[in-house]
Novice: 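For reference, the structure I am asking about is given below.
Owing to the predicted nature of the structure, the values given are computational and were not obtained by experimental measurement. FYI, side chains are in, hydrogens and waters are out, and symmetry mates aren't considered; it's all heavy atoms of this structure. Residue numbers start from 1 in every chain, and the chains themselves are labelled A, B, ... in the order their sequence lines are given, proteins ahead of strands.
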There are 2 protein chains.
Amino acid sequence: MTPEAADATATGTVTDTATGTVLLAGIFSGDLEEAWQEIQPDTARRLLIAAVEAFAARGFHATTTRDIARGAGMSPAGVYVHYRSKEELLHQITLIGHRHTLRLVREVSASVSGPTRQLHAVIRDLTTWHARHHTTTRVIEYELHSLSPEHHTAILALRREIDGLVRQILEDGVGQGVFEVPDVPTTTLALLSLSVDVARWYHTPARHSEERLGQLYADLALRMVGSEPLP
Amino acid sequence: MTPEAADATATGTVTDTATGTVLLAGIFSGDLEEAWQEIQPDTARRLLIAAVEAFAARGFHATTTRDIARGAGMSPAGVYVHYRSKEELLHQITLIGHRHTLRLVREVSASVSGPTRQLHAVIRDLTTWHARHHTTTRVIEYELHSLSPEHHTAILALRREIDGLVRQILEDGVGQGVFEVPDVPTTTLALLSLSVDVARWYHTPARHSEERLGQLYADLALRMVGSEPLP
DNA sequence: GTCTATAGTAAGATAGAC
DNA sequence: GTCTATCTTACTATAGAC
C-alpha cells in the first residue's frame, strides 16, 4: 500500500492510490450513503459502491474484478487506476464502515445521559444502521477473513473499541444498580450479536421499517440487562 | 446429482455418488461429530471433514478442491470419486447440519413441558451446539449463498421449520400468559440470532465452556420474552 | 484516466493407467 | 478406488496505445 492509502487509518481521510486525490473527507458526518457521495473522483466512488454490492451479494472471493468494473461501467483494467487490488477495495469498505459504526456508538452514547437511555439509544441506532445499510454491513461484518493479516488486525482493534464502549455502558448500569447482569462481557457480546446478525437476515421488503426494528431491539436489550423499560 | 444422492433429502440417508455405499445411517442419534464417524467409506468421511474445516476457515469460494484433497490425504482427483463437485460437499455438510439442528430443537422441545422450560432448554442446547461445533455451524449458517439454487431452496425450507418450532413456543407462552412479547416473529428471529451468531465469534480457548454459554444465553432468552427465570 | 489486449497463474473437473 | 497428468476455463493484474 502507498503511504497515501496507509494514511487512511491515521488521518481519517482516504486518498486515491494513483492520483493522490482525496477520496473521503467529512465521512464522519452524516450516514454512510452520504459518505460514499463524498468519494472523489466519480469513478473511484462508483467502483467502491459496485464492490459493496457485489461483495454483499456473492461474497468477496466469488466476486471478480470484472464484476466490479462492470458494475461501475468500466473496463476490467479501470479498477487498478483507483485501487491497487481487490483486497484494497474490501479494506476501504471495511475501514469506512467500522469507523462509521464506532463513531455512531460514541456519539449516540454521548447524546443521552444514564446507562438505560444510553443502551437503548445505542442498540436502537446500531440496529437501524445494520438494517438500513444491510448491504454494506453484510460486507463489513462477514468478509473480515478476506482481509490481509495487517488490515484484519487493524479492523479488529476498531471492533474492540466498539465492544468496549458498549461494555462500559453495562458496567455503569450495574454500578448504578439500574442493570442486573450476571456476566457483563458475555452480555455485551450477545447485545452486539443481535444488531450484527441483522445484516445477515434483513432484506427489503421487510416486516418492519429499519427504525421500528431498532426500537424493538432496543426494548429487548433493556430486558436482557434486567432494566426497567424506558418510560 | 444422481438419484442416490438426491435420496438424501427424502430418506435421511446419504449415499456415495459413485459407489452407492450408504454414507450416513443413524445420523440422527448422537451429536454431529459422531455422525461424521458414521460416514463410510473412510475416504468420503475424511473428505467431508476436511471440507468442513477448510470452508469454516477460508469460506467456500476461497477453498480449493486441492485444499480439501490435501486435508483428506488424497490426490485432487480423489475428491470426485466420492462427490460430484465442490458444491455437493457443501450441500451434504449443510443438509446434515440443518437436519441435526431441526432434530435438536424438536427433541429438546418435546423433552420438557411448558413454554418456559421449553424455550430455556431449546436456546441452551442450540447455543451449546453452535459453540461446540462452531466449525460446522459456521459453514452451515454462513455459506448458504454458495449452494445451487435448488439446494438453497431446500435448506431454507428446513430453516423455516426450525423457526416455526421456536415461534410456536413463544405463541404458547403468550397464550398461557407466562410470556409477554409485543412481536412474536421478530422476537423469534432475535432469539435465533443469538445462537446463530455464536458460530461467528466463538472460538477456543473461550471465556466459557459451551454448556455455560448455553446456560447464560437461555437465561437471556427468558428475559427477552418477559418470563420469570426458572427456579 | 480509460481503453484493448494479454501475460501469468490457478482453479474445477476429467481421462486413462494401474 | 486412487493415482498422475492434463484439459479447459477464468481469474487477477499489467503493458502499452490513445
Novice: If the condition is side-chain contact (heavy atoms from CB on, under 4.5 Å), which residues does T135(B) pass it with, not counting sequence neighbours?
Specialist: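 For T135(B) the side-chain contact (heavy atoms from CB on, under 4.5 Å) partners, ignoring immediate neighbours, are V52(B), E53(B), A56(B).
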
Novice: If I take atom CZ in residue R70(A) and atom P in nucleotide dA10(D), what distance separates them, rounded to the nearest angstrom?
Specialist: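 Distance, rounded to whole Å: 12 Å.
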
Novice: Distance check needed: dG12(C) C1' versus F55(B) CZ, whole Å only.
Specialist: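 Value for this atom pair: 12 Å.
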
Novice: In chain order, what residues pass the salt bridge (charged side-chain N to carboxylate O under 4.0 Å, His left out) check against R138(B), with sequence neighbours excluded?
Specialist: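 Applying salt bridge (charged side-chain N to carboxylate O under 4.0 Å, His left out) to R138(B) gives none.
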
Novice: Run the salt bridge (charged side-chain N to carboxylate O under 4.0 Å, His left out) test against R212(A) and tell me which residues pass, sequence neighbours left out.
Specialist: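 Listed in chain order: nothing, the list is empty.
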
Novice: At under 4.0 Å between heavy atoms, what does S75(A) touch on the DNA or RNA strands: base, sugar-phosphate, or nothing?
Specialist: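 Base contact.
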
Novice: For E88(B) and dA13(C), what is the distance between atoms CD and P respectively, to the nearest whole Å?
Specialist: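 Those two atoms, CD and P, are 10 Å apart.
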
Novice: Hey, would you say the H134(B) and W201(B) ring centroids sit under 6.0 Å apart?
Specialist: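 No.
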
Novice: Within the structure, does a side-chain N or O atom of H61(B) lie under 4.0 Å from either OP1 or OP2 of dA11(C)?
Specialist: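 No, H61(B) has no side-chain N/O under 4.0 Å of OP1/OP2 on dA11(C).
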
Novice: Among dA11(C), dT2(D), dC3(C), which nucleotide has an atom closest to any side-chain atom of H82(B)?
Specialist: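 Between dA11(C), dT2(D), dC3(C), the one nearest the side chain of H82(B) would be dT2(D).
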
Novice: Given atom CG of D67(A) and atom P of dA10(D), what is their separation to the nearest angstrom?
Specialist: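 Between P of dA10(D) and CG of D67(A): 13 Å.
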
Novice: Which one, dG12(C), dT2(D), dT2(C), comes nearest to the side chain of V81(B)?
Specialist: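 Nearest to the side-chain atoms of V81(B), counting from C-beta on, is dT2(D).
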
Novice: Taking only the side-chain heavy atoms of T43(B) (C-beta and beyond), determine which of dT2(C), dT2(D), dG12(C) contains the nearest atom.
Specialist: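 Looking only at side-chain atoms, T43(B) lies closest to dT2(D).
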
Novice: Can you pull the salt bridge (Lys or Arg N to Asp or Glu O under 4.0 Å) pairs that have at least one residue in residues 139-154 of chain A, sequence neighbours excluded?
Specialist: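 Only E141(A)-R159(A) qualify under salt bridge (Lys or Arg N to Asp or Glu O under 4.0 Å).
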
Novice: If the condition is salt bridge (charged side-chain N to carboxylate O under 4.0 Å, His left out), which residues does R207(A) pass it with, not counting sequence neighbours?
Specialist: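 With neighbours one apart ignored, the set is empty.
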
Novice: Pull out every protein N or O sitting under 3.5 Å from an N or O of nucleotides 13-18 of chain D, one pair per line with the distance.
Specialist:
from: dA13(D); atom 1: OP2; to: Y80(A); atom 2: OH; distance (Å): 2.9
from: dA13(D); atom 1: OP2; to: K86(A); atom 2: N; distance (Å): 3.2

Novice: Let me know the distance between CE of M74(A) and C1' of dA5(C), rounded to the nearest Å.
Specialist: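 Atom CE in M74(A) sits about 16 Å away from atom C1' in dA5(C).
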
